[in-house]
Amino acid sequence: MRLKKWIAAILCMGLLAGSLAGCGKGGDGDGEAGLGDSTEPQKGRYVETEEALPEQLAGWEVQQIFILEDKVHLLAIKKENNKLLLTEWAQQENGFADVTPDWLKDLELSLANEWTETKLLSAEDGAQYLLAGYVAEGEEEYKSHLWKGGEGGAVEITPQEWMVTNDWGGYAMVSAAAVLDNGTLAAVNSMNLEILSGEDGRILESGQMTEYYDAMISDGANVYLYSKSSVGSMSIKLEKCKDGKLGATESITFDGGVSGINFCALKDGTLIAAGEDGIFQGTQAAGNVEWTKLMEGVETDFALSGRWCVGLTATGDGKIYAIFRTTEGGNVLKKYEFDSEAVIEVKETLRLYTVYDNSILKQAAVSYHKAHPEVLITVESVYPMYYYDETDYNAVYQELNTMLLGENAPDILVMDHLDMDSYAEKGLLEDINDVLNPMEESGEVLSNITKSYIKEDGKRYVVPLQFAFPMALGRDISAGEMESMEKLAAFLAGSDYNYMGGLTVSELVDRFYPYFCNEIVKDKQLDKETLGTYLDYLKAISENCGILASRDENERAFNMWELAAQAKLAFYEADGFNGSMAPIAMVDYVKGEFAAFENCFIPSMQMGICSKSKYKETAKDFLRHALSEAIQDTDYYSGFPVNSASLEKLAGRDRSDAEAETAIEADGSYIEFTIKDFPPETAQKLVEICKGLNKPAGEDAKIREVLIEALEGYFNGGQSRENTLQKVEDGLKMYLAE
C-alpha cells in the first residue's frame, strides 16, 4: 500500500565498535541507567540527520539513490505532457549539483499512462545505462527498455528477446538489474536471471530461478537476489550469485524483521539491511553472514507512517543514506552515522507486547520517542503484520502468561483476541480511567466506543485505538430491514428469494454469533432466554439461505462481490474510509443500500497497561499519545480512528490515490469494476454511523464451538428449540463456571 513506509539505513564495517551502543538502551538495558546515578553519560551511538535536497527537486520524484566515486547520487523523474524527464544529482561539499549527462537529459520518453519504473546503472569505468519499463504512447502493453549512454547520445540496446510476446501475450517484466565490475549487466526477467553484454545488450547467459525473486543488489562482483514482498514470512532469504550467475549460489538468511525491508551491499561484501525493526549490518566470514543490529527502528523515521524508503545506500567510510517519499509527494533524504560524542539519552525503556505487528503501534512508538528522547518504546510482536497461517494462541497465552506472572512482564499490552477480562480479574491490568475520563469529557475521543469498556466496578482496563463495523450491503432490501438480526430475520422470513446463498452451520454461526456472543452470558451463566431469541432469528435466516452439509474446498460462501450477480445481501468489515470504498462502490453499482449491522463495532488494537510496570505513568502518557490526532490522523487501512477530530479529518480527505479498478462477474460475464472515492455526504454518513455504534462485537472460541455443534439439528428440524438450548447450556456449563 502507498501509505506503507519502508525503513532504510544501515551501517558499515569500520563502525562496528559503536554498534552495541546503537540499541538506544541505557546502562544494562533495563531502562534504569541515568536515573539518579553518578556515572558518566554513555557516549557513542548512531544518529539520524536530515540532508538538505536542492530546491530544484520540488515537484520531482526521487526514484533512486546510489554511490558513485564515494559520492551520493540521486535519480529523479518528472512527468510533463505525457513525457518522462530524468535528472541526476550528485552531492558536493555545499549541497547537491545537477550532473545530468546530455544523453539522459535529451532522452524524453512518451508515456501512455503513469506506470513507470526506472533505474540508472553506473559502472566504475564511467559507462551508464538506463533501464526503464513503461507503456509507450500509442501502445497498450508494458515493455522494458535498456539504453546505453555516451557522448553521442543514448543508444537503445534492449535485448531482442524482451520485445517478443510471451505465452501470456505480454512482454518481458524486468524487475531488477545491476551493472557488474566485469562489464556485464545482470537482470531479473520474470523467473530468469540473465547476463547481458555491456556493449550491445545481447543476452550472454540465462538461467531459470527456482524461487521468485524480484529485487537485486550488487557489490560489483556478486548479485544478491531477494523478494520485496516476503509477506507472511518470519525471515527473508537472499541468494548470492557470483558474477550474477546461478551456477554457484549461496543462501543468506535475514531474520531481523521483514517489514518494509531494504538492502544494499558494499564493495567488501558487507550487507546493510534496514526496515521498521531496525538497521542491521551483515558481515560475511567463512561462508556465513552474521547480522548485528546497529539501530532500533523506533529511533528512526523509517517506522513512521506516511513515508516509505525508495532506496538505501552506504559509503565506504560508514555513512548510510536513505531516500524517502512522503504521502504528500515530497522527497526526504536521511543520513545515519556513528557519532562518538552523541549521548544515549534513554532513561526508560518500555516494552509493548502485541500478537501481530502493526503500523500504528510503530508510528506511535517512533513519534513518542522523538518527542521524549529519554523514553524508548520497543514493540515486540509474535507474528509479522501480514501473516496468513493459523495463529497458535495456545503458544501465545503460554508465553504471555509466563511473562506476566514472572519478572519479565511487558509494560504495555495490545489485547486483541486475548482474554482481557481474565487478566483484569487477576489484577494484571491497570485502571486507565484517569487517561480516558478527561479525553471523553473534552470530546477528544468517541465516548460511544471507549465507554463500552467500563466494568461493573467502574474501572476500565483496555481501550481500542481503532475500530471497524460490520456493514450490511443489499439490493432489493432497505437499510432498515438489514440493520439488525431481528429485522433481517423478519424480512427474510417473508421472502422466497435466497438472499445470501447457501451456508454451512459454521459459516452461519461465524457470520452472526459475534453480535450476540457478549449478551448470552451473565454472571458466568448462560442466559437461555436471550439465546433463545437469537436462535429464533438464526432459524428464520437459515430457512431463507438453506443449510449446506459441507462445502467443496474450492467453493466459498457468497461475499460482497456476488452482489453483482446472484447474491442480494452480503456483509463486509468496514475498516476505515479507504477500506469502505470498495463496498460502497458495489452498493452504488447494484443501486442498493448499506447499514451498520446491529449497531456493533469491531475493536482493534485494544491497549492496556500492565499493573506490574515500573513506568505506569509513562505508559499512560504513551496511551494518550496513541489516542491523539498525531497518531490517529492517518488512514492505516485497518480501522476508523477513535479520536474524534481525526475521524472528521479523514472523512474530508481526498481518497483518489486509493482508487482502483478490477474485474468482477456480473450477468454471466466479467466486467470492469471501478472503485472510486465516495462523495462528501457518504463520508459524513460513515462519520454519523461511527458516532452511533455502541456495543463491541464478541468472540469466544468455546461458545463458537458449542453453537456449531448444537445448531445443526435445530436448523434441519430434527431438534427442538428447548433441546438445542439445553445442549448449548450443557456444553458451556463447566466452561462458564471456570
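Ring geometry for Tyr515 versus Phe512: interplanar angle over 60°, hence perpendicular rather than tilted (30 to 60°). Ring geometry for Tyr134 against Trp147 counts as parallel: the plane angle stays under 30°, on a 0 to 90° scale with 60° as the upper cut.
When ring centroids are compared, Tyr226 and Phe263 come within the 6.0 Å threshold. Between Tyr171 and Tyr142, the distance from one ring center to the other does not fall under 6.0 angstrom.
Annotation: side chain to side chain contact (heavy atoms under 4.5 Å, CB included) contacts of Asn166 (sequence neighbours excluded): Trp168.
The closest donor-acceptor contact from the side chain of Gln632 to the backbone of Ala626 lies under 3.5 Å. A donor-acceptor pair under 3.5 Å is absent between the side-chain atoms of Asp635 and the main chain of Leu650, judged by distance alone. Distance alone, capped at 3.5 Å, is enough to place a donor-acceptor pair between the Thr100 side chain and the Glu88 backbone. Without hydrogens or angle criteria, Asp416 side chain to Gln606 main chain gives a donor-acceptor distance under 3.5 Å.
A 4.5 Å side-chain heavy-atom check between Val135 and Glu140 finds every atom pair outside the cut-off. At least one side-chain heavy atom of Leu85 sits under 4.5 Å from a side-chain heavy atom of Trp60. The side-chain heavy atoms of Phe594 and Ile689, taken from C-beta on, include a pair separated by under 4.5 Å. Residues Tyr212 and Met191 are in side-chain contact: their nearest non-hydrogen atoms beyond the backbone lie under 4.5 Å apart. Side-chain contact check for Leu569 versus Phe491: every heavy-atom pair is 4.5 Å or farther apart. You'll find the side chain of Ser144 stays beyond 4.5 Å of the side chain of Thr158, heavy atoms only. The closest side-chain heavy-atom distance from Glu194 to Trp162 is below 4.5 Å.
Salt bridge Lys119/Glu117: absent, no basic N to carboxylate O contact under 4.0 Å. Using a 4.0 Å cut-off between charged nitrogen and carboxylate oxygen, Glu80 and Lys78 count as a salt-bridge pair.
Using modelled atom types and a 3.5 Å distance limit, the side chains of Asp575 and Ser638 yield no donor-acceptor pair.
Among Ile323, Val62, Leu104, the single residue meeting the side chain to side chain contact (heavy atoms under 4.5 Å, CB included) criterion with Leu75 is Leu104.
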Would you be so kind as to tabulate the donor-acceptor pairs closer than 3.5 Å made by side chains of residues 468-476, with sequence neighbours excluded?
unit_1	atom_1	unit_2	atom_2	d
Arg475	NE	Leu563	O	2.9
Arg475	NE	Ala567	O	3.1
Arg475	NH2	Ala565	O	2.7
Arg475	NH2	Ala567	O	3.1
Asp476	OD2	Lys568	NZ	2.8

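In Gln566, the CD atom is not crowded: 12 or fewer heavy atoms of neighbouring residues, nucleotides or ligands sit closer than 6.0 Å.
Residue pairs meeting the side chain to side chain donor-acceptor pair (under 3.5 Å) criterion with at least one partner in residues 676-686, sequence neighbours excluded, are Arg655-Asp677, Gln684-Glu688.
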Let me see the working for Gln466 and Tyr636 under side chain to side chain donor-acceptor pair (under 3.5 Å), right down to the final yes or no. CA-CA 10 Å; Gln466 291 185 323; Tyr636 296 89; over 6 Å; no
